[in-house]
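The next block holds one structure in the form of structure tokens; read it before the comments.
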Amino acid sequence: MRADWPLNSFWMGGFEGADHINSHGTPLDMVALSHHHEHVDDDYGLLRAWGLHTVRESMGWRLCERQGRFDFDRVRRFARAANRHGLQIQWTLMHYGTPADVSLLDDKLCERFAAFARAAAQAIAECSCEVPVYTPINEMGFLAWGAAQTRLFHPYGQDDEASPGATPSDGFDIKCRLVKAALAGMQAIREVEPRARFMHVEPIVHVVAPPEQPDLQALADEVASYQWQVWDLLSGALLPELGGRPHALDLIGVNHYHSGQWEVITERRLDWHLNDPRRRPLLEMLRWVWQRYGRPMAIAETSHVGEGRAAWLDEVASQVRQARTCGIPVEGVCLYPIVDRPDWNDFGHWHHSGLWDCIPGEAVCGEGQRRLSLAYARAVNSWMQRLPEARS
């Protein structure tokens, strides 16, 4: 790995940490739903035994700040568990959720997030002397889209008097506000820990015109171009008056899932499992990121579901190996989630997307127990022997 790359292992594991209020108005704590909060020592022991020395975790702003008071007890407990197992945690501060009195439509978000980021950095400094690596706000582009155009994030997009009134036209404003908050949070963290590093994580996507409407390709290209806006805002290439500067775009985290390629207007996915010929290979998409920003990167999230997990990893890892051969500095791959997760809106539906499944209620996998996915495990083990490549 590059000498300036701050993460301790190429292969990483990430625990699902979303903490927003879902479309039914139910507050989420995905760390608790997977029982990770109860079994963190056992979970970290599993990761260590597999040679995964870096773990991605989410603090959850909504969970850590209530009624104006900070509570970092869980964060400190996880940090100390990681110390015991010799693991490095790459922390996400905000994983969609905000305190009840903070709105994505209010400029006060920036000041409030900066105060939270400063307090979070102080809490981590108490537990670790390592150089910390933070993701200030996870998937700002996705969050802005979800709040403006869907009902994923309550109360945004809800048809009731309690809705803050987000509309599709608010998406870019929300994105800019989140970027300003992230920049303010980075500054606050650096005041506590000047050595801190930052990984900004966004999905990469590919959009095409429906076959029967080739004239929509220009629109498809425009929609696809929105994926660059967060990174462009952070670097100052877009709206530098927001405070973005090249050095703010420190490390890039790329999220890559099968659903990230679709037709414009129809929203039909370009099915990976059906080998849709219109799909773009991961190598090509990584090249787009490298040519545009010239920053080292990691696959910050990737996984598939059920029996397709092993085949998906084979494809992702082979594409990463090709990218590295071409000189594209992909310095890590994070298996996300490393332990299975339930659906945000249906807690009874588990995705079967982790290296370990966790299915409450089944005799073979009781509350919080882990069941290794054998086919996926074989693929992970095989690729860990080959990637990263041995240096001569």
Side-chain angles (χ1 to χ4, degrees), residues 6-8 12 14-15 17-20 29-32 36-37 40-41 44 53-102 104 106-140 177-201 234 243 245 247-251 253 300:
L7 299 180
N8 290 348
M12 300 171 277
F15 290 88
D19 74 322
H20 60 285
D29 181 352
M30 297 297 287
V31 172
H36 178 46
H37 71 313
V40 61
D41 258 309
Y44 285 177
H53 297 159
T54 299
V55 56
R56 293 195 66 218
E57 294 277 17
S58 297
M59 293 185 183
W61 184 16
R62 188 186 66 80
L63 302 175
C64 292
E65 182 180 346
R66 304 196 182 206
Q67 298 180 333
R69 300 179 65 126
F70 299 124
D71 179 356
F72 293 107
D73 284 352
R74 180 193 284 180
V75 171
R76 292 187 181 97
R77 184 162 57 87
F78 280 29
R80 289 168 182 146
N83 290 341
R84 286 193 295 274
H85 290 277
L87 300 184
Q88 173 194 37
I89 298 182
Q90 194 257 303
W91 288 105
T92 294
L93 274 66
M94 176 180 165
H95 202 138
Y96 308 138
T98 64
D101 62 336
V102 175
L104 299 178
D106 188 341
D107 286 338
K108 293 178 182 177
L109 169 80
C110 304
E111 180 181 350
R112 288 287 299 276
F113 180 73
F116 169 68
R118 179 178 291 104
Q122 290 168 342
I124 294 301
E126 295 170 6
C127 303
S128 174
C129 61
E130 285 195 7
V131 175
V133 184
Y134 294 106
T135 293
I137 301 175
N138 186 59
E139 293 188 324
M140 290 182 272
R177 189 170 295 111
L178 288 169
V179 168
K180 286 180 66 177
L183 291 166
M186 292 165 65
Q187 177 60 36
I189 289 170
R190 285 198 174 106
E191 291 170 3
V192 175
E193 174 50 273
R195 302 175 301 164
R197 302 291 301 274
F198 299 94
M199 177 181 287
H200 298 288
V201 175
L234 286 164
R245 296 293 183 270
H247 66 81
L249 193 60
D250 184 7
L251 312 169

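Being a predicted model, the structure only gives us computed values, none of them experimental.
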Item to check | Shortest non-hydrogen contact from A184 toward C110 | outcome: CB-O, 4.1 Å
Checklist entry - Do the ring planes of H20 and Y96 sit parallel (below 30°), tilted (30 to 60°) or perpendicular (above 60°)? => result perpendicular
Checklist entry - To the nearest 0.5 Å, what is the distance between CH2 (W61) and OG1 (T92)? => result 14.5 Å
Checklist entry - Between atom SG of C127 and atom CZ of R76, what is the distance when rounded to the nearest 0.5 Å? => result 6.0 Å
Checklist entry - So, do F116 and T98 sit near enough that their side-chain heavy atoms are less than 4.5 Å apart? => result no
Checklist entry - Going by heavy atoms in the side chains, are L178 and L109 under 4.5 Å from each other? => result yes
Item to check | Side chain proximity check, F198 to P136, heavy atoms < 4.5 angstrom | outcome: yes
Checklist entry - Which distance, rounded to the nearest 0.5 Å, do you find between the CG of L7 and the CD of Q88? => result 5.0 Å
Next on the checklist: Looking at E126, I'd like to know if its CD atom is crowded, meaning that more than 12 non-hydrogen atoms belonging to other residues, nucleotides or ligands lie closer than 6.0 Å.
Outcome noted: yes
Checklist outcome for this item: Nearest heavy-atom approach of R195 to C129 is NH2-O, 3.0 Å
Item to check | Pairwise side-chain hydrogen bond (donor to acceptor under 3.5 Å, both in side chains) hits with a residue in residues 112-124, at least two apart | outcome: E65-R112, D101-R112, R118-E191
Checklist entry - Counting only N and O atoms by type, is there a donor-acceptor contact under 3.5 Å from the side chain of D71 to the main-chain atoms of R66? => result no
Next on the checklist: So, applying side-chain hydrogen bond (donor to acceptor under 3.5 Å, both in side chains) with D29, which one of R74, H37, R62 is it?
Outcome noted: R74
Checklist entry - For H95 and D19, does a side-chain donor sit closer than 3.5 Å to a side-chain acceptor? => result no
Checklist entry - Just by distance, do the side chain of R197 and the backbone of L251 share a donor-acceptor pair under 3.5 Å? => result no
Next on the checklist: Is it the case that the side chain of E57 and the backbone of V31 share a donor-acceptor pair, with hydrogens and angles ignored and the cut-off at 3.5 Å?
Outcome noted: no
Next on the checklist: Between T54 (side chain only) and M12 (backbone N and O only), is there a donor and an acceptor less than 3.5 Å apart?
Outcome noted: no
Item to check | Closest approach of A117 to I189 (non-hydrogen atoms, all atoms of both residues) | outcome: O-CG1, 3.7 Å
Checklist entry - Can you find a pair of side-chain heavy atoms, one from Q90 and one from T135, that are under 4.5 Å apart? => result yes
Next on the checklist: Quick check for you: to the nearest 0.5 Å, what is the distance between F15 atom CZ and I89 atom CD1?
Outcome noted: 9.5 Å
Next on the checklist: Please give me the minimum heavy-atom distance between A182 and F113, naming the atom from each residue.
Outcome noted: CA-CE2, 4.2 Å
Checklist outcome for this item: d(L93 CG, M186 CE) to nearest 0.5 Å is 11.5 Å
Checklist entry - What do you reckon, is CZ of R69 surrounded by more than 12 foreign heavy atoms closer than 6.0 Å? => result no
Checklist entry - Backbone N or O of A248 within a donor-acceptor pair of the H200 side chain at under 3.5 Å? => result yes
Next on the checklist: With rounding to the nearest 0.5 angstrom, report the CE to CE distance, M94 to M140.
Outcome noted: 9.5 Å
Checklist entry - What pairs with R84 under side chain to side chain donor-acceptor pair (under 3.5 Å), at least two apart in sequence or on another chain? => result D41
Item to check | Contact summary for Y134 and A121, nearest pair of heavy atoms | outcome: OH-CA, 3.6 Å
Checklist entry - Taking the side chain as C-beta and beyond, is there a heavy-atom pair between M199 and D250 under 4.5 Å? => result no
Next on the checklist: In terms of relative ring orientation, are H36 and F78 parallel, tilted or perpendicular, with 30° and 60° separating the classes?
Outcome noted: perpendicular
